[in-house]
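Sharing a structure here in structure tokens format.
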Amino acid sequence: MGKINVGRWFLGGIVAGIVGDIVEALAEGLWLGPSWNAAMKVLGKPALAMTQIIEFNVIGLVIGFAAVWIYVGIRPRFGAGPKTALYAGLVTWVLASLVANTFFMVIPYMYPHHLALYATIVDFFSCVLGTLAGAAVYKEA
């Protein structure tokens with residue numbers, strides 16, 4: 001088992017984060033944005049500000065780094081390629097989205113359940129597509 005190519009991991013993480021953020025921006029911002037703002041209003045909170053959107057994008061980058069790190073870690077056992085990247089994306093989605101969003105679905109009246117479900121589905125595509133893109137960039141030294 002060789003060492004991680006840190007430069008390629010870093011580049012792959014940036015690519016994964018950017019792809020994931022683009023998917024999130026299109027789906028969460030354009031499609032679900034008005035619903036999220038309405039849900040925040042019901043909670044007595046203001047609509048999302050630009051600083052919060054930037055924070056979400058930074059979190060997306062962290063998730064991208066984690067996803068590619070998982071890919072790099074399981075690659076020796078499962079082999080390089082999109083199938084392994086899909087596995088890494090699924091693990092990332094479970095840990096970064098499914099668990100957290102299920103928590104919000106359990107709390108009564110926190111957010112509408114359908115909105116949390118839609119966000120979880122969007123996150124699935126964000127994690128998988130981002131991980132596939134980031135893994136395509138990663139190469140061993």
Side-chain angles (χ1 to χ4, degrees), residues 1 3-141:
M1 200 179 304
K3 294 188 179 218
I4 292 175
N5 183 341
V6 176
R8 283 295 194 155
W9 164 73
F10 189 78
L11 180 61
I14 290 173
V15 169
I18 290 172
V19 169
D21 283 344
I22 289 170
V23 171
E24 291 283 338
L26 292 174
E28 296 278 356
L30 297 177
W31 176 45
L32 296 176
S35 297
W36 277 116
N37 289 335
M40 295 303 285
K41 187 175 181 180
V42 167
L43 293 172
K45 304 290 181 188
L48 292 176
M50 184 55 70
T51 56
Q52 292 165 313
I53 293 169
I54 292 168
E55 290 167 350
F56 281 130
N57 285 314
V58 170
I59 291 168
L61 283 173
V62 171
I63 291 170
F65 286 121
V68 176
W69 182 72
I70 291 168
Y71 169 75
V72 171
I74 67 174
R75 191 172 176 233
R77 181 165 307 270
F78 293 99
K83 184 176 177 184
T84 301
L86 177 64
Y87 292 153
L90 288 172
V91 168
T92 303
W93 172 70
V94 167
L95 296 175
S97 177
L98 183 63
V99 171
N101 289 345
T102 301
F103 175 78
F104 286 120
M105 285 189 255
V106 170
I107 298 174
Y109 311 111
M110 181 71 164
Y111 294 114
H113 290 166
H114 72 282
L115 190 54
L117 175 65
Y118 295 156
T120 305
I121 292 168
V122 168
D123 291 347
F124 169 81
F125 289 102
S126 173
C127 286
V128 169
L129 293 175
T131 306
L132 284 166
V137 172
Y138 183 80
K139 305 285 184 252
E140 290 292 329

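We count residues from 1, following the sequence as given. These numbers were taken from a predicted model, which means no experiment stands behind them.
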Using a 3.5 Å cut-off and no angle test, enumerate the donor-acceptor pairs between side-chain atoms of residues 47-61 and protein atoms at least two apart in sequence or in another chain.
from, atom 1, to, atom 2, distance (Å)
Gln52, OE1, Ala49, N, 2.7
Asn57, ND2, Ile53, O, 3.2

Exercise for review: Using the test side chain to side chain contact (heavy atoms under 4.5 Å, CB included), find all partners of Val94 that sit at least two apart in sequence or belong to another chain.
Suggested key: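 Partners of Val94 by the side chain to side chain contact (heavy atoms under 4.5 Å, CB included) criterion, ordered by chain and then number, come out as Leu98, Val99.
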Point to revise | Ile70 side, atom CD1; Thr84 side, atom OG1 - distance, nearest 0.5 Å | key: 13.0 Å
Point to revise | Pairs where residues 28-54 contributes a residue and the test salt bridge (charged side-chain N to carboxylate O under 4.0 Å, His left out) is met, not counting sequence neighbours | key: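 Matches after skipping sequence neighbours: none remain.
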**Study point:** With Asn101 via side chain to side chain donor-acceptor pair (under 3.5 Å) - residues at least two apart
**Key:**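 Expected list: Ser97, Thr120, Asp123.
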Check your understanding: If you round to the nearest 0.5 Å, how far is CG of Leu132 from OH of Tyr71?
Key ->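 It comes to 9.5 Å.
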**Study point:** side chain to side chain contact (heavy atoms under 4.5 Å, CB included) against Phe10, all qualifying residues, sequence neighbours excluded
**Key:**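 With sequence neighbours excluded, Phe10 shows a side chain to side chain contact (heavy atoms under 4.5 Å, CB included) to Ile14, Phe65, given in chain and number order.
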Check your understanding: How far apart are the closest heavy atoms of Pro34 and Gly29, and which atoms are they?
Key ->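 Taking every non-hydrogen atom into account, CD-O, 4.3 Å.
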Check your understanding: Listed by chain and number, what are the side chain to side chain contact (heavy atoms under 4.5 Å, CB included) partners of Ala67, not counting sequence neighbours?
Key ->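 Thr92, Thr131.
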**Study point:** Exercise: identify the closest heavy-atom pair between Leu115 and Ala39
**Key:** CD2-CB, 4.0 Å
Review point. To the nearest 0.5 Å, how far apart are CD1 in Ile121 and OG in Ser126?
Key: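 Reported to 0.5 Å precision, the distance equals 13.5 Å.
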**Study point:** Nearest non-hydrogen partners of Arg8 and Val137, listed with the distance
**Key:** NH1-O, 2.8 Å
Revision key, fill the gap. Applied to residues 73-95, the ring-ring contact (aromatic ring centres under 6.0 Å, His included) test, sequence neighbours excluded, yields Phe78-Tyr87, Trp93-Phe124
Check your understanding: What pairs of residues pass the ring-ring contact (aromatic ring centres under 6.0 Å, His included) test when at least one of them lies in residues 21-47, not counting sequence neighbours?
Key -> Trp31-Tyr118, Trp36-Tyr111
Study note, to complete from the structure: Applying side chain to side chain contact (heavy atoms under 4.5 Å, CB included) to Ala133 and not counting sequence neighbours gives Val15, Val19
Exercise for review: Sort and list the pairs that fulfil salt bridge (charged side-chain N to carboxylate O under 4.0 Å, His left out) and have at least one residue in residues 62-88, not counting sequence neighbours.
Suggested key: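 Residue pairs passing salt bridge (charged side-chain N to carboxylate O under 4.0 Å, His left out), neighbours aside: Arg75-Glu140.
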